[in-house]
Amino acid sequence: MITRWSDIDRMFEAMGLLRGRLDSMYDDFDRSFGSDPGWRLTGNYPRTNMFDKGDYLELTAEIPGIAKNDLNIKIQGNYLEISGTRSASVPEGYSVHRRERGSTSFTRSFSLPADIDANKVTATLTDGILTLSLPKAEAAKPRQITIN
Amino acid sequence: MESKNLQTKEKGAVGTPRKVQSVMPLVDIFENDDEILLHAEMPGVTKDAVKINIDNGNLSLFGMRKAGRDGAPSWEEFGDVEFQRAFAVPQNIDVAKVKAELKDGILCLHLPKSESAKPKTIEISGS
């Protein structure tokens, strides 16, 4: 028999704790499938990060195995589009045992948080990571206001 | 350079400890008469951050990737990652001659077969 309300409270607290544990366990489970695109929506391929660095924006994208020439980058105002293809050719004279990386062609577009000076954009591709440095247009740059 | 001070930091962007997630890299495996060829996707991993172990018929691949994250994030879809995967390799691989190269975020691993494992055509000697 339950005598005091505080006992009931304590019971619910314990249940909440258990639920928290389960949640974090499920998170870990999901995480282990992190980059496997097999059963993911293709909407966010390639995955990107975007950082605001004051005078410019920096966008990085994971595009392993795609050569410079197979990439297209388009910019107009604050609209950015990245597209590319990867052909999955089997090396000459080899037979296939396992294929997980198919051929892909992708397009992903972004609305950037600021207008970009398209003439000063630089792009580099190292180790399968595309880094775009997008200088903000003069009007969009942060400005220090001094108080008179 | 004073403009640098003006970037906005979002909530939780500073000093949040983040777990390194462990990810299985996607692979292609090919074979010909001389070798087994393995391609593994490890975007952003540098040469020094890759470890390849072959031990007693087990091949394990490790790769650490640090994603740079200075500035105010507008969005983040990938972070620090530890690529990890293990395979069983046939005993006839010549471990001493295994070669690896890293190009465009793809790890290419050449696993040559030992001489005795290569297919041979047997000539029938004349009567």
Side-chain angles (χ1 to χ4, degrees), chain A residues 24 27-28 30-38 44-68 86 88 90-102 110 112-114 125-131 136 141-146, chain B residues 1-10 13 19-47 49-50 63 65 67-79 81-85 87 102-108:
Chain A
S24 63
D27 281 352
D28 285 350
D30 285 345
R31 210 169 285 135
S32 60
F33 291 109
S35 78
D36 202 327
N44 65 347
Y45 184 87
R47 292 190 295 171
T48 57
N49 284 349
M50 167 75 88
F51 288 97
D52 189 332
K53 302 211 174 189
D55 282 346
Y56 65 102
L57 303 169
E58 191 179 85
L59 182 120
T60 47
E62 274 188 328
I63 42 167
I66 294 176
K68 215 164 70 175
R86 181 181 68 204
V90 179
E92 192 82 19
Y94 286 82
S95 60
V96 178
H97 263 294
R98 191 177 183 91
R99 282 243 87 167
E100 291 171 353
R101 317 168 39 237
F110 310 88
L112 300 172
L125 187 60
T126 38
D127 294 332
I129 302 274
L130 172 73
T131 308
K136 291 181 188 171
K141 279 189 185 164
R143 213 156 287 180
Q144 188 101 42
I145 310 292
T146 44
Chain B
M1 276 285 107
E2 72 268 51
S3 59
K4 279 224 159 145
N5 303 326
L6 285 177
Q7 1 172 315
T8 49
K9 290 266 184 198
E10 272 166 28
K19 264 198 213 167
V20 177
Q21 55 167 303
S22 180
V23 159
M24 203 172 80
L26 297 182
V27 297
D28 283 348
I29 300 173
F30 308 108
E31 181 176 1
N32 70 4
D33 290 347
D34 302 320
E35 63 172 13
I36 294 172
L37 177 63
L38 184 143
H39 289 178
E41 264 185 10
M42 295 187 174
V45 175
T46 53
K47 210 172 77 181
V50 178
R65 194 264 312 277
R69 48 197 308 272
D70 44 330
S74 298
W75 66 78
E76 277 186 274
E77 293 167 354
F78 62 91
V81 151
E82 185 181 31
F83 292 102
Q84 242 188 67
R85 195 156 178 183
F87 305 89
L102 196 61
K103 190 177 173 271
D104 289 338
I106 306 283
L107 177 72
C108 295

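Every chain is numbered from 1, with letters handed out A, B, ... down the list of sequences. Everything numeric here is computed off the predicted structure, so don't read it as measured data.
Here the NE2-CZ distance, from His39(B) to Arg98(A), works out to 15.0 Å after rounding to the nearest 0.5 Å. Rounded to the nearest 0.5 Å, atoms CG (Leu26(B)) and CZ (Arg101(A)) are 8.0 Å apart. For the atom pair OG (Ser95(A)) and CD1 (Ile29(B)), the distance works out to 11.5 Å, reported to the nearest 0.5 Å. Summarising the geometry, atom CD belonging to Glu41(B) is positioned 11.0 Å from atom CD1 belonging to Ile63(A); distances are rounded to the nearest 0.5 Å.
Between chain A and the options Ala40(B), Gly44(B), Pro43(B), heavy-atom pairs under 4.5 Å are most frequent for Pro43(B). When Lys47(B), Arg65(B), Lys103(B), Met42(B) are compared by the number of non-hydrogen pairs under 4.5 Å with chain A, Arg65(B) comes out ahead.
At a 4.5 Å heavy-atom cutoff, the contact between Thr60(A) and chain B is made by backbone and side-chain atoms alike. Contacts between Ile66(A) and chain B at a heavy-atom distance below 4.5 Å involve the backbone alone (N, CA, C, O).
For the pair Asp104(B) (side chain) and Gly128(A) (backbone), a donor-acceptor distance under 3.5 Å is absent. A donor-acceptor pair is defined here as one N or O able to donate and one able to accept, closer than 3.5 Å; such a pair exists between the side chain of Glu100(A) and the backbone of Val27(B). Distance alone, capped at 3.5 Å, is enough to place a donor-acceptor pair between the Glu77(B) side chain and the Thr48(A) backbone.
For the pair Tyr94(A) and Leu37(B), the tightest heavy-atom approach, listed with the atom from each and the gap, is CE2-CB, 3.8 Å. In this structure, Arg47(A) and Phe78(B) approach most closely via the heavy-atom pair O-CE2, 3.3 Å. Shown here for Ala67(B) and Asn49(A), the closest heavy-atom pair between the two residues is CB-ND2, 4.4 Å. Considering all non-hydrogen atoms of both residues, Ser74(B) and Pro113(A) come closest at OG-CG, 4.0 Å.
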